[in-house]
Amino acid sequence: MIVYRTRTDLAKHLKTWQDQGKTVALVPTMGALHEGHASLVRRAAQENGAVVVSIFVNPTQFNDPADLESYPRRLDKDLEMLQAMQVGVAFAPPVREMYPEEDRRTFDLGNLDKVMEGARRKGHFNGVAQIVTKLFDLVRPARAYFGQKDFQQLVIVRHLAQLYDPAIEIVPCPIIREKDGLAMSSRNILLGEEERKAAPFIHQTLRLAREKKGLMTPEEVRHWVSSRFENQPLMQLDYFEIVEDKALRPVTAWDEPVNKVGCIAVQLGKVRLIDNLNFT
Ligand code: AMP
């Protein structure tokens, strides 16, 4: 595996792949890789001639400096893992390489960044849009792989790709979970022992909420979920929403002919965790 640090060096390698007629896939990550990331990489390798995995903790998508500071970084381990998976190229640039000057671009994401994560983390999705479009411009992949774990991000990236470069196919990949149901996340390693034990409650709640479908209205299920968190000393519910999967509009009746997704965000100690489940 070759690890590139600069855009110019990566671009040279991409040119050789292009000359060989290879279909190139991009898997963007922020590192501290786990099985969730690995599932994207494997799928990308199966479906394409060559894969670029980017590892970059993108500062512009962090609205909280403390979160950026504490975000796990372990590049050596990540590269070992990618090497073992026979990835051809990893791209791990320093911040100045991606942002030689301040990126002042603002993206009109309509309603998509006004709800859920976007409403709570001001500027987060604009930062995501900045880095994703920079990576798309650089790599010009045939396909880019994103996890359903970050469901709102996936919807936004799909929307961006359609506007920006419709030739790029956005491939959604299912959420990979720990045995106890907790969605894998780089942030899970920041959980204390008691917090880690409590964390599967989030996924359990999503599953139980889905079972209420038909017995309660969507609004009643929202209340039911918030009342469940009142007895949880370690966790604060940030939001629980049931939304349709295109415009992220809240679902008001189960018989609406749309795909429905239950989305949750929880503060567990210093760590903010998100998860979601198909409620269709
Ligand atoms: P991150 O490094 O957290 O920015 O994630 C990089 C990519 O991996 C994103 O497309 C995520 O949605 C995806 N991802 C993260 N965790 C998981 C997971 N548990 N299952 C599937 N995909 C994931």
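For ligands, and for the atoms within them, numbers begin at 1 and follow the listed sequence. Keep in mind that this is a model prediction, so the values were computed, not measured.
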Please report which non-hydrogen protein atom sits nearest to [atom], along with the residue it belongs to and the distance in Å to one decimal place.
| atom | value |
| --- | --- |
| atom 1 (P) of ligand 1 | H37 NE2, 3.6 Å |
| atom 15 (C) of ligand 1 | H34 CE1, 4.0 Å |
| atom 3 (O) of ligand 1 | Y71 OH, 3.8 Å |
| atom 23 (C) of ligand 1 | K149 CB, 3.9 Å |
| atom 21 (C) of ligand 1 | P174 O, 3.3 Å |
| atom 20 (N) of ligand 1 | I176 N, 2.9 Å |
| atom 11 (C) of ligand 1 | D150 OD2, 3.0 Å |

Side chain, backbone, both or neither: [X] near ligand 1, heavy atoms under 4.0 Å:
| X | result |
| --- | --- |
| E35 | neither |
| L40 | side chain |
| P28 | backbone |

Any heavy-atom pair between the side chains of [Y] and [X] that's under 4.5 Å?
| X | Y | value |
| --- | --- | --- |
| I242 | V261 | no |
| T60 | N126 | no |
| F56 | T29 | no |

Legend entry - Nearest-0.5 Å distance that lies between atom CD1 in I170 and atom CZ in F136: 4.0 Å

Legend entry - From CG (D78) to CD1 (I55), nearest 0.5 Å: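 These two atoms lie 4.5 Å from each other.
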
Enumerate the atoms of ligand 1 whose separation from the nearest heavy atom of [X] is less than 4.0 angstrom.
| X | value |
| --- | --- |
| F146 | 10 (O) |
| T29 | 2 (O), 6 (C) |
| M184 | 16 (N), 17 (C), 18 (C), 19 (N) |

Inset, instruction - Fit a plane to each ring of F279 and F240, take the angle between them on a 0 to 90° scale, and name the class: parallel (under 30°), tilted (30 to 60°) or perpendicular (over 60°). - result: tilted

Legend entry - Ring geometry between W17 and H13 (parallel below 30°, tilted from 30 to 60°, perpendicular above 60°):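 Because their plane-to-plane angle is over 60°, the rings of H13 and W17 count as perpendicular.
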
Legend entry - Full working for side chain to side chain contact (heavy atoms under 4.5 Å, CB included) between V266 and D238: CA-CA 5 Å; V266 171; D238 191 350; over 6 Å; no

Legend entry - Check: F125 ring centroid to F107 ring centroid under 6.0 Å: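 They do not qualify: ring centres at least 6.0 Å apart.
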
Legend entry - Polar atom proximity, M30 to ligand 1 (N or O, under 3.5 Å): yes

Inset, instruction - Consider every N or O of I175 and every N or O of ligand 1, then say whether any pair is closer than 3.5 Å. - result: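 No, there is no polar N/O contact under 3.5 Å.
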
Legend entry - For atom 9 (C) of ligand 1, the option (of S186, A183, G147) bearing the nearest heavy atom: G147

Legend entry - Minimum heavy-atom distance between R73 and L68, given as atom pair plus value: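 Shortest heavy-atom contact: NH1-O, 3.0 Å.
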
Legend entry - K212 charged N/C atom sitting above W224 aromatic ring, 6.0 Å / 45°: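 Flagged: K212 positioned over aromatic ring of W224.
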
Legend entry - Sub-4.0 Å heavy-atom contact, Q148 with ligand 1: no

Inset, instruction - Take every heavy atom of F151, measure it against each atom of ligand 1, and state whether any distance is under 4.0 Å. - result: no

